[in-house]
Number of protein chains: 2
Amino acid sequence: MAKLRGNAVVAQSGGPTAVINASACGVIQEALKHEEIENVYGAQNGIVGILNGDLFDVRKENPAVVEGLKYTPGAALGSVRYKVKTREDYERIFEALKKHNIRYFFYNGGNDSMDTADKVNKLAVEKGYEMRCIGVPKTVDNDLPFTDHCPGYASAAKYLATTVAESWIDQRDLPSTKILIVEAMGRHAGWLAAAGALAKRADDDGPHLVYLPEVVFDTNQFVKDVQNIYKAVDRVLIVVSEGIHTADGTLLGESGARDAFGHAQLGGCAQVLKDILDKEVGAKSRYIIPASAQRAAAHVASLTDINEAWLVGKKAVEYAVEGISGVMVTLEREPGNGYRITTGKANLSEVANVEKKVPLEWINAEGNNVTADFINYARPLLEGEPPLRYEGGIPVFSRLAKHFIVK
Amino acid sequence: MAKLRGNAVVAQSGGPTAVINASACGVIQEALKHEEIENVYGAQNGIVGILNGDLFDVRKENPAVVEGLKYTPGAALGSVRYKVKTREDYERIFEALKKHNIRYFFYNGGNDSMDTADKVNKLAVEKGYEMRCIGVPKTVDNDLPFTDHCPGYASAAKYLATTVAESWIDQRDLPSTKILIVEAMGRHAGWLAAAGALAKRADDDGPHLVYLPEVVFDTNQFVKDVQNIYKAVDRVLIVVSEGIHTADGTLLGESGARDAFGHAQLGGCAQVLKDILDKEVGAKSRYIIPASAQRAAAHVASLTDINEAWLVGKKAVEYAVEGISGVMVTLEREPGNGYRITTGKANLSEVANVEKKVPLEWINAEGNNVTADFINYARPLLEGEPPLRYEGGIPVFSRLAKHFIVK
């Protein structure tokens, strides 16, 4: 097969993760190795940067800064939340790519981004414009299908499990806060809240209760669950997904409180649960809402996650230069003992807009915890600590210089 | 001077810190070196353990576990919130100490604990019972007088600064959340919220606004501050102390919201500020409430803090065997360039119940940030990372076996 000569663009989309930049690093470092890839561009703010021609020349970046992206949170290229809707939008994206002779398009994101990459790929085929579109998976929500897990998830999980483990010891050792609620991210899938269970190592460790959006949240049962544990061990540590909802689909976080003006508060579920427990149990309670810190916690990222995020970026380029297009790179777990990962691929059209939730068989019968199968699935993902450099007491992060091309 | 023979007890009090156990380690390791100290006891849950005779024999602990306390959050001996009030209470504490032939009393805590240690010391003098009472400083609030800073503060500050630095990059790189509020602990003193300012390294880094309880919080001015920065740079990162209050002393966190039953919500100030900004500025906003995770974050503790916490524990024993009593160990910063610390002592009676707040000259004229003097004060405290051991993706912490003595 003749080599496809032309330019490459790498773009990031959606919520950052602690390792999305490790994927960008993998794409960039691999792309620079292939002579048929002429220019390598970063898109400022994802698809919007492509539309506006806000592209910067990655070759002009300091290689040490690019290497440092492995350990840098946020979305160093610039991310965006932009739902591409109309045929006209896709036409404009396609024209923008064509204008810059983009022949390699690497889109790093979650469900929506895979949908975008799929449609751009199909349009290029339709127009007879040879281009390789590869999706690079990314999401702390861990909800992409066809991949064992998603880069970004493990680092957020490690941060959350570490926070829960430390907070449990704090709660255990001081007879003051009897009930502690940790609110985890994840509107539709409970993967992150489930990771809180990884904090438990000894039999008497918290967390005691873990609630996921995969099952209906029953407030009465919740109060009973808490009362039982409180009576038994005088402390209750609860990890709850922000997405928990009642039978009719109402989010707990939108069900209860009103502000001084009578407006419904969308402040998450922790406060609502605290109000319920203060009334029904009457023990001192407190909550932790890490919010976006979960996806930004590069200081306690998983080295496994960093390495895999880098790998799927590198693989995306390898697939593209092999002539493959219209796929997302996946992570496949080898069967048998020990944890070994290889990469694979899934068709973008099949990935797009499918949400993978925590399997119901990994949730206990009571709907208030995960099973050992989940622990066995998730534990290896958290292994390894990154070689961070600190300055003035906080980690040093990379920042790209961004030499923009003339529009 | 004749050596004072007898037993020692070490006790912890109040909210844990990431390094309170490093102080316990320092006390224990030093106490075991002195032959005149016969038994070394840990008190289960501070002064309550002393009252109840819940003492465990520290000599029976594995030395490796004791060494591991340096890197373990929580309060490994068991802490307590117990305000000793009456003369009768002190009499009972004194009798309990005397009963176990305690001649060395090491009390690790904040303001209240220093008051307790002071009164116990005075009672022993009054009764003609020779005992050495030494206070070991501890508080994430950093509000003890006569010491340059308090063990525990720097680790919480490092965690907060790291969280703010990471969250800023996350916020900067995705045009979605325009306003981010980070709520820091500290009811009366703003030291922890101020530490959020340490996240700022480049001119265009957040945080942009830092509000401390040392100055009156003016809601109208706050809205203007936020609007100005939002207009200028399209993002606003705000660090706010949970203790901010209006001119009449009302906590912001208690001012606004009501729950579905019409009860005032005491959910902290972040939600109240978000409600105000949603109404007045109308940009997408979000908050992070790390709560007790701030004081438990051993995984990102400051090695300087760990070493100093250990040192004040060790020094407490050295002072006691020298014949000193009725003092708290202090940290003194050497004048001149570079950061060098020596230990000193302050009379417990002068320490007790004095709160050291952030000096007003370290707060800018607008009352919405700290000055370079604060940064210069705090930055060196965060230096150094602990040699943590991880297992299954989360840090390994020490747990004492606790062989209790027969009552």
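To find a chain, count down the sequence lines: A is the first, B the second, and so on, and within it residues start at 1. Basis for what follows: all heavy atoms, side chains included, without hydrogens, waters or symmetry-related copies. It should be emphasised that the depicted structure is a prediction, and the values quoted were computed from it without experimental measurement.
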Mind listing the closest non-hydrogen atom pair of G14(A) and L174(B) along with its distance?
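Heavy-atom minimum between the residues: O-CD1, 3.6 Å.
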
Proximity breakdown for Y339(B) and chain A, heavy-atom pairs closer than 4.5 Å
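For Y339(B), there is no contact with chain A at all, as no heavy atom is under 4.5 Å.
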
Which one wins on heavy-atom pair count under 4.5 Å against chain A: E385(B), R379(B), E391(B)?
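Heavy-atom pairs under 4.5 Å are most numerous for E385(B).
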
Most heavy-atom pairs under 4.5 angstrom with chain A, which of R295(B), Q44(B), R286(B)?
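Heavy-atom pair counts peak at R295(B).
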
Is D173(B) reaching over with its side chain to a backbone N or O of G74(A), donor-acceptor style, under 3.5 angstrom?
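No: the side chain of D173(B) does not pair with the backbone of G74(A).
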
May I ask you to test the P395(B)-T162(A) pair for a side-chain heavy-atom distance under 4.5 Å?
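Yes, close enough: below the 4.5 Å cut-off.
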
Can you tell which of Q171(A), E383(A), R399(A) has the highest number of heavy-atom pairs within less than 4.5 Å of chain B?
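So the answer, after comparing Q171(A), E383(A), R399(A), is R399(A).
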
Under 4.5 Å heavy-atom distance to chain B, tell me which part of S176(A) shows up: side chain, backbone, both or neither.
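Just its side chain gets close to chain B.
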
Applying side chain to side chain contact (heavy atoms under 4.5 Å, CB included), run through I288(A) and S292(B) and close with a yes or a no.
CA-CA 7 Å; I288(A) 297 173; S292(B) 56; 3.8 Å; yes

Using modelled atom types only, decide if a donor and an acceptor are shared between the side chain of E166(A) and the backbone of P73(B) within a distance under 3.5 Å.
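Here the side-chain-to-backbone pair does not exist.
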
Go through A293(B), S167(B), G392(B) and name the one with the most non-hydrogen pairs under 4.5 angstrom from chain A.
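If we count pairs closer than 4.5 Å to chain A, G392(B) comes out on top.
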
Which bit of R81(A) is near chain B, if near means a heavy-atom gap under 4.5 Å: side chain, backbone, both or neither?
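When you check distances to chain B, atoms from both the backbone and side chain of R81(A) fall under 4.5 Å.
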
Which heavy-atom pair separates L198(B) from I394(A) by the least distance, and what is that distance?
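Closest approach of L198(B) to I394(A), heavy atoms only: O-CD1, 3.3 Å.
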
Measuring from I289(A):CD1 to Y287(B):OH, what's the distance to the nearest 0.5 Å?
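With rounding to 0.5 Å, CD1 (I289(A)) is 4.5 Å from OH (Y287(B)).
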
Looking only at heavy atoms, which two atoms of H299(B) and H299(A) are closest? And how far apart?
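Answer, listing the atom of H299(B) first, then H299(A): NE2-NE2, 2.7 Å.
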
Taking side chain as C-beta onward, heavy atoms only, is V300(B) less than 4.5 Å from Y390(A)?
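Yes, at least one pair of side-chain atoms sits under 4.5 Å.
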
What part of A202(A) gets closer than 4.5 Å to chain B, counting heavy atoms only: side chain, backbone, both or neither?
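Contact with chain B is through the side chain of A202(A) alone.
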
Minimum heavy-atom distance P175(B)-V80(A), with the two atoms named:
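Closest approach of P175(B) to V80(A): CD-CA, 4.2 Å.
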
